[in-house]
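Note sheet for the following structure.
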2 protein chains.
Amino acid sequence: MNSQEENILKSLPHKTIERLSQYRRALLFCFDEGKTHIFSHEIARILHITPVQVRRDLMLIGYSGTLRKGYNIQELIDLISTIIDSHEVMNVAIVGMGDLGRALVNYVKGKRHKLAIVAGFDNNPDKIGTVVADIPCYSIERLSKMIREKNIQIGIISVPRSYTTDIAAKLVEAGIKGILNFTPKPVNVPDHIYLEEYDMLTSLEKVAFYVKVSQEKEKSE
Amino acid sequence: MNSQEENILKSLPHKTIERLSQYRRALLFCFDEGKTHIFSHEIARILHITPVQVRRDLMLIGYSGTLRKGYNIQELIDLISTIIDSHEVMNVAIVGMGDLGRALVNYVKGKRHKLAIVAGFDNNPDKIGTVVADIPCYSIERLSKMIREKNIQIGIISVPRSYTTDIAAKLVEAGIKGILNFTPKPVNVPDHIYLEEYDMLTSLEKVAFYVKVSQEKEKSE
DNA sequence: TATTCATTGTTAATTAAATAACAATACAAA
DNA sequence: TTTGTATTGTTATTTAATTAACAATGAATA
Ligand SMILES: NC(=O)c1ccc[n+]([C@@H]2O[C@H](COP(=O)([O-])OP(=O)(O)OC[C@H]3O[C@@H](n4cnc5c(N)ncnc54)[C@H](O)[C@@H]3O)[C@@H](O)[C@H]2O)c1
Ligand SMILES: NC(=O)c1ccc[n+]([C@@H]2O[C@H](COP(=O)([O-])OP(=O)(O)OC[C@H]3O[C@@H](n4cnc5c(N)ncnc54)[C@H](O)[C@@H]3O)[C@@H](O)[C@H]2O)c1
């Protein structure tokens with residue numbers, strides 16, 4: 001990849017990156033259903049956004065459709081993949097193989113060529129040695145060694161809240177490059193590590209808030 | 001609630017609503033640790049945002065701290081609660097009691113006074129009749145009836161992808177007011193229903209993308 | 001062949017969100 | 001008492017994201 005292409009990548013808005021992932025997911029399903037082409041307004045409708053937004057994003061990544069047929073699904077999937085996927089497979093570990101850990105492993109399994117969960121870690125002897133969706137679960141003791149051996153670059157944290165800080169520190173120490181934290185305890189990591197946190201309670205409370213507001217509006221009308 | 005207060009609620013930026021949920025979560029933990037007051041820069045540090053952002057959000061909801069002690073944690077928790085929580089308890093149902101469903105039920109249980117998951121639904125006879133974190137799992141057949149009976153206003157979807165559309169339709173038909181969809185299949189709902197969708201693959205792909213970009217930067221240096 | 005039409009691609013404008021700037025304050029220390 | 005300092009609260013500015021506007025296109029149709 002030359003430095004011009006690199007600059008395109010770095011200049012893409014964060015929100016566009018998120019949508020590219022969503023576009024690809026939607027396109028893959030359309031492709032499976034036998035569709036070959038798709039219009040911007042069709043993509044927009046699936047994802048609850050505007051057609052202009054779709055076209056603008058595709059403009060940013062330099063993709064052109066055809067005037068009467070729209071976008072070639074296969075081509076667009078491939079282009080998005082060259083942009084958001086890494087060149088080599090990116091290996092992922094998940095720490096905490098409880099309910100959430102299992103859900104994630106099962107969900108991600110086989111979905112993406114360039115993204116592979118290759119190891120789970122837990123401290124519960126009942127979990128250690130088990131296999132979920134072909135992914136072996138190792139003792140947390142082996143975390144650092146395995147991360148280096150298997151060239152794991154991303155760590156997902158799904159342990160109980162009280163262990164979050166400790167696990168994050170272990171991942172950082174082991175040389176991880178990115179962390180996805182699903183526990184309700186925010187973590188602090190050095191700047192060179194990309195961190196993403198998500199808590200479903202915030203989503204749920206957001207839904208509850210807007211439901212409440214719309215109800216109060218109704219009442220007052 | 002008078003219409004002036006109502007207008008404040010409606011004018012709050014969406015991002016502020018999300019952060020209010022995060023502030024409260026962080027504040028609750030600080031409170032549990034015995035802290036009584038907190039500065040804007042402390043909140044900011046926990047949540048990886050700027051102190052100005054925190055102060056601005058608190059200004060929007062009309063809360064004032066004191067100059068030398070910062071914000072009273074208890075007071076702030078209470079104020080945020082009056083803003084984002086509903087007056088009466090808001091009841092929630094979760095459809096699909098698999099790994100993800102269980103993780104969510106366990107996580108939400110007892111966390112919020114005004115938000116209660118009161119029912120799970122599934123179509124698997126092995127799941128029907130079971131109880132997870134005190135929440136009974138009912139047959140999907142009874143969805144509509146139970147939603148009305150128990151005054152359930154929010155539905156969480158965590159069934160396999162192929163059933164998403166069907167479940168969403170059932171929830172809408174039963175008169176649900178808000179939907180939180182965790183499946184990778186986006187749903188369409190009428191305008192008066194508040195919809196929130198989240199897919200962890202997008203978060204993971206985002207992490208992978210920024211890890212890739214930072215690696216390419218390193219290489220080219 | 002000329003016209004209509006739906007669609008794309010792109011620039012311009014708008015809106016939303018975040019940040020900077022700074023006055024006001026109140027306490028601590030000199 | 002005065003000065004210095006850390007912090008809040010708020011307005012102004014900047015940046016990011018979205019939406020609007022519209023020319024260009026090219027296939028379908030008259
Ligand atoms: N972000 C979200 O949307 C969301 C949703 C649900 C749950 N959660 C959070 O995710 C986490 C996991 O939830 P869950 O329902 O899977 O819990 P769980 O108890 O089912 O699983 C936790 C797992 O972590 C393991 N573990 C505990 N300490 C460990 C350690 N020191 N090292 C390695 N493994 C350890 C346990 O043995 C267990 O297998 C919790 O923090 C929970 O609050 C987040
Ligand atoms: N958004 C995310 O972050 C995320 C993460 C993991 C999984 N997922 C998705 O969440 C969903 C659930 O994942 P999981 O790992 O819990 O799967 P799972 O198979 O463990 O659970 C699905 C449950 O739904 C039940 N079910 C199936 N059809 C049903 C129907 N018609 N009515 C009611 N119940 C029905 C099944 O019996 C099962 O109990 C899947 O769509 C998965 O792709 C999302």
Side-chain angles (χ1 to χ4, degrees), chain A residues 7-23 27 30 35-73 75-76 79-80 83 196-197 202 206 209-210 213, chain B residues 7-23 27 30 35-73 75-76 79-80 83 191 196 202 206 209-210 213:
Chain A
N7 285 333
I8 292 175
L9 290 199
K10 274 187 287 187
S11 71
L12 289 172
H14 282 228
K15 291 280 188 179
T16 296
I17 298 300
E18 287 180 14
R19 281 191 298 265
L20 287 177
S21 162
Q22 291 166 2
Y23 295 156
L27 291 169
C30 293
K35 259 177 97 86
T36 62
H37 290 77
I38 194 165
F39 294 120
S40 62
H41 65 258
E42 294 178 292
I43 298 178
R45 179 158 169 67
I46 295 172
L47 297 175
H48 320 300
I49 57 177
T50 63
V52 191
Q53 182 84 83
V54 175
R55 293 205 298 278
R56 209 176 192 296
D57 285 334
L58 300 192
M59 185 195 78
L60 291 176
I61 64 171
Y63 185 68
S64 290
T66 54
L67 214 35
R68 284 311 257 249
K69 292 205 271 177
Y71 303 99
N72 180 304
I73 291 179
E75 276 177 22
L76 188 45
L79 177 60
I80 292 176
I83 288 171
E196 184 86 14
E197 307 196 302
T202 292
K206 198 174 163 195
F209 172 80
Y210 286 106
V213 169
Chain B
N7 284 335
I8 292 174
L9 291 199
K10 273 187 288 188
S11 72
L12 290 172
H14 282 227
K15 290 280 188 180
T16 295
I17 298 300
E18 287 178 15
R19 281 191 298 265
L20 288 177
S21 162
Q22 291 166 3
Y23 295 156
L27 291 168
C30 292
K35 259 176 98 85
T36 61
H37 291 76
I38 195 166
F39 294 119
S40 62
H41 64 257
E42 293 179 291
I43 298 177
R45 179 155 171 69
I46 296 172
L47 298 175
H48 320 300
I49 57 178
T50 64
V52 191
Q53 182 83 84
V54 174
R55 294 204 298 276
R56 208 174 192 297
D57 285 334
L58 300 192
M59 185 197 76
L60 291 176
I61 63 172
Y63 185 69
S64 290
T66 53
L67 214 34
R68 285 310 258 249
K69 293 205 271 178
Y71 303 98
N72 180 304
I73 292 180
E75 276 178 21
L76 188 45
L79 177 60
I80 292 177
I83 288 170
D191 272 355
E196 183 86 14
T202 292
K206 199 175 163 193
F209 173 80
Y210 286 106
V213 168

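Note that the structure is predicted; figures quoted are calculated from it, not measured. A note on names: the letters A, B, ... follow the listed sequences, proteins ahead of strands, and every chain is numbered from 1.
One interatomic measurement links the two molecules: CD of B:Gln53 to C1' of D:dT15, which rounds to 13 Å at whole-angstrom precision. Summarising the geometry, the separation between CD1 on A:Ile49 and C1' on C:dT15 is reported as 17 Å, rounded to the nearest angstrom. Rounded to whole angstrom, the span from the NE2 atom of A:His14 across to the P atom of C:dA18 amounts to 13 Å. Between the NZ atom of B:Lys69 and the P atom of D:dT8 there is a distance of 13 Å, rounded to whole Å. Separating the CZ atom of A:Arg56 from the C1' atom of D:dA20 is a distance of 12 Å, rounded to the nearest angstrom. For B:Lys15 and D:dA17, the NZ to C1' distance is 10 Å, given to the nearest whole Å. In this structure, B:Glu18 places its CD atom 9 Å from P of C:dA18, rounding to the nearest Å. For B:His37 and D:dT7, the NE2 to P distance is 14 Å, given to the nearest whole Å.
With contacts defined as side-chain heavy-atom distances shorter than 4.5 Å, the pair A:Thr36/A:Asn72 does not qualify. Two residues are said to be in side-chain contact when any heavy atoms from C-beta on lie closer than 4.5 Å; A:Ile17 and B:Tyr210 meet this criterion. Under the 4.5 Å side-chain criterion, counting only non-hydrogen atoms from C-beta, B:Ile80 is not in contact with B:Tyr63. A:Leu60 is listed as a side-chain neighbour of A:Pro13, based on a closest heavy-atom distance under 4.5 Å. You'll find the side chain of A:Leu12 reaches within 4.5 Å of the side chain of A:Ile83, heavy atoms only.
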- Message: Run A:Ile49 and A:Tyr23 through side chain to side chain contact (heavy atoms under 4.5 Å, CB included) and show every step you take.
- Response: CA-CA 11 Å; A:Ile49 57 177; A:Tyr23 295 156; 3.6 Å; yes
- Message: For a quick check, with a 4.0 angstrom heavy-atom cut-off, what is the B/S/- contact string for nucleotides 2-7 of chain C, read 5' to 3'?
- Response: ---B-B
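Nearer the 5' end of DNA chain D, as judged by each residue's closest nucleotide, is the contact made by B:Pro51, out of B:Pro51 and A:Val52.
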